Amino acid sequence: MIPYNHKDIEKKWQKKWEEEGLNKTGESSDKKFYILDMFPYPSGEGLHVGHPKGYIATDVYSRMKRMQGYDVLHPMGFDAFGLPAEQYALKNKVNPNVSTAKNVARYKEQLKMLGLNYDWDREVNTTDPKFYKWTQWMWKQMYKSGLAYESYDPINWCPSCKTGLANEDLENGKCERCGSDVEKKPLRQWTIRITDYADRLLADLDKLDWEPHIKELQRNWIGRNYGLKYKLKVKGVDMYVETYSTHYEAFCADTFAVIAADHKLLPELISNITNKEEILLKAKEISVLRNSAGFKADEIVEGIFTGIYLEDPITKKDLPLWVSSYALADYGTGIIKCSAHDERDFAFAKKYGIGLHLVLLPDDSSIREKVSTHEVCFSDFAHSTLIEPEIFKGKKPHDIREEIADYIAQKGWAVKSTQYKLKDWVFARQRYWGEPFPIVFDENHKSYAVADSELPVVLPMVDEYEPTGTGESPLANIKDWIEVYGYINDDGEFVSVPSTVAEKVSVQFLDINDDGGHDSYQSKKEVKERNNVACIIKHPTEDKYLISKWKTVTWNGFVTGGIEDGETAEDAARKEVLEETGFTSIKNVEVKDFFSHSLFYHPVKQENRFAHYHLVIVELASLDREKISDEEQAICDLVWVNKEEVESLLTRFDMRSLWQFYVHGKVTEEPKRKVQKFKRETNTMPQWAGSSWYYLRYIDPHNENAFVDKAKEHKWSPVDFYVGGAEHATRHLIYARFWHKFFFDLGLLSYDEPFTKLQTVGLIMAEDGRKMSKRWGNIVNPDDVVEKYGADTLRLYEMFMGPFDQSVAWSTSSMAGVNRFIERFFKLKEKVNNDVEVGQDIEILFNQTIKKVGDDILEFKFNTAISQMMILLNTLEKEESVPLRMYKGFVQLLAPFAPHVGEELWKELGQDTSVHLSEWPQFDETKLASDTVTIALQIGGKMRGTFVTQRGLEDDEVLNLAKEHEQYKKFVGGAVPKKTIIIKDKLVNIVI
RNA sequence: GCCCAGGUGGCGAAAUUGGUAGACGCACUUGCCUUAGGAGCAAGCGCCGUGAGGCAUGAAGGUUCAAGUCCUUUCCUGGGCACCA
């Protein structure tokens with residue numbers, strides 16, 4: 001007999017929870033908890049059984065927190081921009097807009113199937129224009145602050161994905177996505193100065209409650225490095241160059257210097273050298289070699305002498321400067337002072353016959369011979385002794401590193417300096433499926449941010465989105481989208497001329513500096529002045545206003561009309577309102593002064609008009625209305641809005657009018673604001689853009705005025721617990737921390753770190769021990785598992801498999817064991833009896849279980865929490881009957897893990913509110929330990945037996961009992977113990 | 001090469017942080033029940049040994065009355081970085 005039917009109860013409760021809004025974020029407690037999963041990238045394959053492990057864990061955790069009285073924010077969303085979605089779409093010939101929506105729907109269905117308690121009202125999707133409006137807005141703040149800049153430097157280019165990549169996107173020098181060898185390619189791109197934040201990103205790791213190895217990964221990635229920066233005179237020219245050394249301890253050994261082949265200063269340095277052409281050619285060769293795909297630095301040593309010498313500030317010796325293949329232009333200063341005590345310097349000097357000088361002798365005398373004959377390079381600074389300079393002679397360089405730096409710095413030869421391995425963030429992709437940049441360029445390629453009113457810059461729906469491979473995004477082919485008309489406002493930002501206006505009226509006129517090709521351009525014509533009204537129509541009783549939404553041209557937002565000769569503004573307003581809206585009774589009309597002036601070309605009347613707009617407030621007496629003509633209705637919608645919206649419309653109206661030519665009340669020849677053609681930026685943002693801040697949007701997902709409301713942000717931030725894959729350590733988690741800090745600095749966020757506590761998830765491997773993959777055909781589909789065993793079994797099993805952060809192989813038979821546990825749990829209900837009590841041992845076990853389950857969930861030790869429940873079940877099953885209160889508590893403990901089973905049993909126990917809203921069981925502190933203990937008897941440190949006593953016996957009492965033990969008699973007998981160790985309530989150890 | 005994390009039964013793993021190693025689950029063995037069982041129930045289950053006992057936490061040393069846990073050396077496995085001066 002199967003005691004429960006998972007299919008019925010899971011569907012039933014999921015439906016009920018959704019109807020009752022069980023998972024709506026609570027807003028009633030003063031204790032908040034924000035627990036977050038790394039949102040998924042919805043691939044075409046749907047979830048496999050490994051994906052939801054983290055989601056189940058946060059689900060268990062958040063359910064318990066809610067039962068403990070917290071307001072819990074536990075949201076979910078989708079990170080749907082990026083290459084895989086685009087590749088999938090290309091392969092299957094569907095628009096990514098379509099395939100993404102489909103994949104998201106499938107993911108959501110699967111997540112819901114697992115009974116995860118997400119508040120779907122807060123779902124975010126990075127590809128939703130309402131979301132990426134704010135991604136664009138935020139990037140714009142970086143642009144405006146100078147943090148985001150345009151660069152043309154060579155970057156990593158994946159020839160297969162046809163896009164530039166950030167350093168973080170490489171894996172062993174290959175494209176992380178497709179495994180192709182990456183080459184260096186000069187490319188116009190947007191870059192973000194994440195290196196400005198390197199120090200803080202490093203230092204603030206100390207305040208985070210993250211797993212140590214993740215912090216370590218970030219530390220290594222940031223790669224802070226401390227050394228000395230020297231300034232060296234170039235011999236014979238009035239120039240100085242700088243070098244950077246971290247291993248400066250052997251500074252007296254320096255005999256030459258090298259410069260990166262693509263160093264900016266190289267051409268200038270050798271401008272007077274006779275064979276400079278030859279040198280530049282060789283340098284070029286080296287650069288090409290370096291930039292080619294699959295370049296291996298340790299296999300290639302190339303260089304050429306530049307013909308110039310640098311003067312060593314310390315030894316005053318001349319250091320010949322060589323171009324070399326191992327110097328990096330973008331690390332340190334791109335020029336290195338070189339010595340015998342560095343492997344690469346040594347190899348280079350050997351190849352080109354450059355003189356070397358030893359100042360360091362190995363402690364290990366067996367290799368001293370080979371070192372002194374320059375047979376091998378010696379670079380061990382810890383096990384060696386300095387012989388030069390005199391002042392440090394006989395000391396170990398490792399021990400006096402700081403002393404040497406101080407000495408050199410004090411002499412003024414060099415300054416202390418810090419370098420990072422972290423590079424600025426290459427923040428542009430030459431692909432279609434990403435956020436467009438809120439940037440336009442004028443004809444001189446000067447960039448302008450797009451005004452806030454223009455956001456979002458919507459990614460156009462297109463038929464062709466194949467990457468071009470030329471270093472330009474596919475968007476570059478969409479002429480309609482790229483070319484925009486507009487002007488630059490007082491804030492230096494771009495404002496577009498609405499396309500409706502541009503098409504019907506203004507393009508010809510506005511394109512005033514380009515009079516070729518526009519027949520209707522009438523600039524020489526006389527300008528006619530007209531007086532117009534723009535009406536705000538007030539509701540008779542409420543604080544509401546009527547605006548019109550024109551489907552055709554011009555003054556979107558207001559009922560407008562011309563004032564004819566002999567008419568007052570008031571007359572005109574009455575007339576226009578009656579005609580255009582059909583309202584019949586007007587209470588009051590109030591004419592404001594001019595609020596806007598504009599010059600435009602009227603396409604119907606074929607004349608240039610200079611129009612003065614009077615703002616008129618028309619107050620209706622009633623809502624009586626006549627039917628208006630179909631024609632009017634066809635071109636205009638009427639909408640009631642509130643006062644604020646009217647006010648914002650007025651600003652907009654005013655702004656719109658700016659593209660016309662009005663200066664100090666007079667029409668001028670030259671426009672004050674020149675409307676011109678601009679080109680949109682065609683790169684798109686990398687996949688990491690949306691995920692850098694999505695966690696903030698959950699807090700206030702529908703806000704149209706800000707990316708997050710400050711007060712709400714203050715309440716929910718920071719994320720208390722963040723759960724996801726360790727593979728994000730050096731990308732998402734660095735980017736998001738950086739992004740967050742920038743907005744903290746702008747005063748827009750309350751804390752300078754986004755994620756207080758981080759927990760990584762261990763992978764679930766396939767039953768064969770390999771990664772689950774289509775390639776191996778070993779994927780376990782959660783749909784099948786849920787079908788056969790139910791969501792609760794899947795959930796419980798994934799939490800029971802092993803330590804949460806460790807990767808474990810799937811085991812179907814193990815899962816069947818967990819399923820048995822649930823069924824036995826159900827059966828136990830038959831033994832429930834309200835009037836029964838149990839013995840002390842069980843009472844204690846029960847209290848211990850409450851404590852352990854609660855503690856373990858907090859520490860993400862779900863496997864031991866579950867095993868404790870199994871122990872309790874095993875024990876209770878042996879009883880004749882089980883007290884109702886105990887079973888109820890047990891159901892509550894199980895409910896976070898198996899929410900459907902929990903809810904079903906809770907209901908069957910006669911409860912009418914949800915178990916998930918019930919109060920988490922409390923344990924009785926006094927009932928955690930029994931009053932008897934088992935004492936271990938050791939003799940000479942070896943276990944010889946145990947005995948049971950009262951808890952809390954004094955040492956001599958315990959010893960007396962131990963002496964009674966037959967093992968004592970056997971092994972100690974009459975001998976006199978040398979020593980007796982007694983650990984209270986634990987053990988007796990007799991040393992003989 | 002450098003930096004992390006980790007090595008415990010046939011398997012997944014526990015171990016109150018120096019105090020009874022192997023909880024809990026899987027698999028396996030035996031028995032009961034059953035027409036049957038890939039169901040249920042009961043018992044057993046680290047290795048050697050009939051037994052007393054001995055040996056066991058990758059290996060070797062050390063500290064300690066006592067080590068899976070601390071120290072030293074070393075070997076594997078997984079992950080990250082690898083031209084970063």
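Note that the structure is a prediction, hence the values are computed from the model and not measured. Lettering follows sequence order; numbering is per chain, from 1.
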#### Entry: Ring-ring centroid check Phe825(A) Phe890(A), cutoff 6.0 Å
yes
### Task
From the options U20(B), C24(B), C3(B), select the nucleotide whose nearest atom is closest to the side chain of Asn874(A).
C24(B)
### Message
Under 4.0 Å from OP1 or OP2 of G53(B): is there any side-chain N or O of Lys970(A) that close?
### Response
yes
### Task
Indicate whether OP1 or OP2 belonging to C84(B) is found under 4.0 Å from a side-chain N or O atom of Arg344(A).
yes
### Query
Of the candidate nucleotides G54(B), G19(B), A14(B), which contains the atom at the shortest distance from the side chain of Arg944(A)?
G54(B)
### Query
In terms of side-chain heavy atoms of Trp221(A), which of U20(B), G54(B), C81(B) is nearest?
C81(B)
## Note on the structure
Ranking C84(B), A27(B), C83(B) by distance to the side chain of Tyr326(A), first place goes to C83(B)
### Query
How close or far is atom C1' of A23(B) from atom CD of Gln848(A), stated in whole angstroms?
13 Å
### Query
With respect to the side chain of Asn220(A), which nucleotide from C3(B), G54(B), G19(B) is positioned closest?
C3(B)
### Query
In the strands shown, is C70(B) matched to any nucleotide by a Watson-Crick or G-U wobble pair with both distances under 3.5 Å, and which?
G62(B)
### Query
Taking the side chain of Arg820(A) as its heavy atoms from C-beta onward, which of G38(B), C24(B), A27(B) lies nearest to it?
A27(B)
### Watson-Crick or G-U counterpart of A36(B), or none if no pair lies under 3.5 Å
none
### Summary
Between CZ of Arg290(A) and P of C83(B) the distance, given in whole Å, is 9 Å
### Task
Searching all strands shown, indicate the nucleotide that pairs with U29(B) (Watson-Crick or G-U wobble; both distances under 3.5 Å).
A43(B)
### Task
Quick one: look up who C81(B) pairs with, Watson-Crick or G-U, both distances under 3.5 Å, and put none if it's unpaired.
G1(B)
### Query
Which one, A14(B), C65(B), C4(B), comes nearest to the side chain of Lys979(A)?
C65(B)
#### Entry: Lys231(A), NZ: over 12 other non-hydrogen atoms inside 6.0 angstrom
no
### Query
Would you call Arg731(A) and Asp169(A) a salt bridge, using N to O less than 4.0 angstrom?
yes
### Query
Taking atom C1' in both G9(B) and C81(B), what distance in whole Å separates the two?
37 Å
### Counter-base of C24(B), judged by Watson-Crick or G-U geometry with both distances under 3.5 Å
G12(B)
### Given C83(B), C24(B), A13(B), the nucleotide with the shortest approach to the side chain of Phe295(A)
C83(B)
### Task
Please round to the nearest 0.5 Å and tell me the distance separating atom CG of Asp330(A) and atom CD of Gln419(A).
10.5 Å
### Query
If you round to the nearest 0.5 Å, how far is NZ of Lys185(A) from CG of Asn156(A)?
12.5 Å
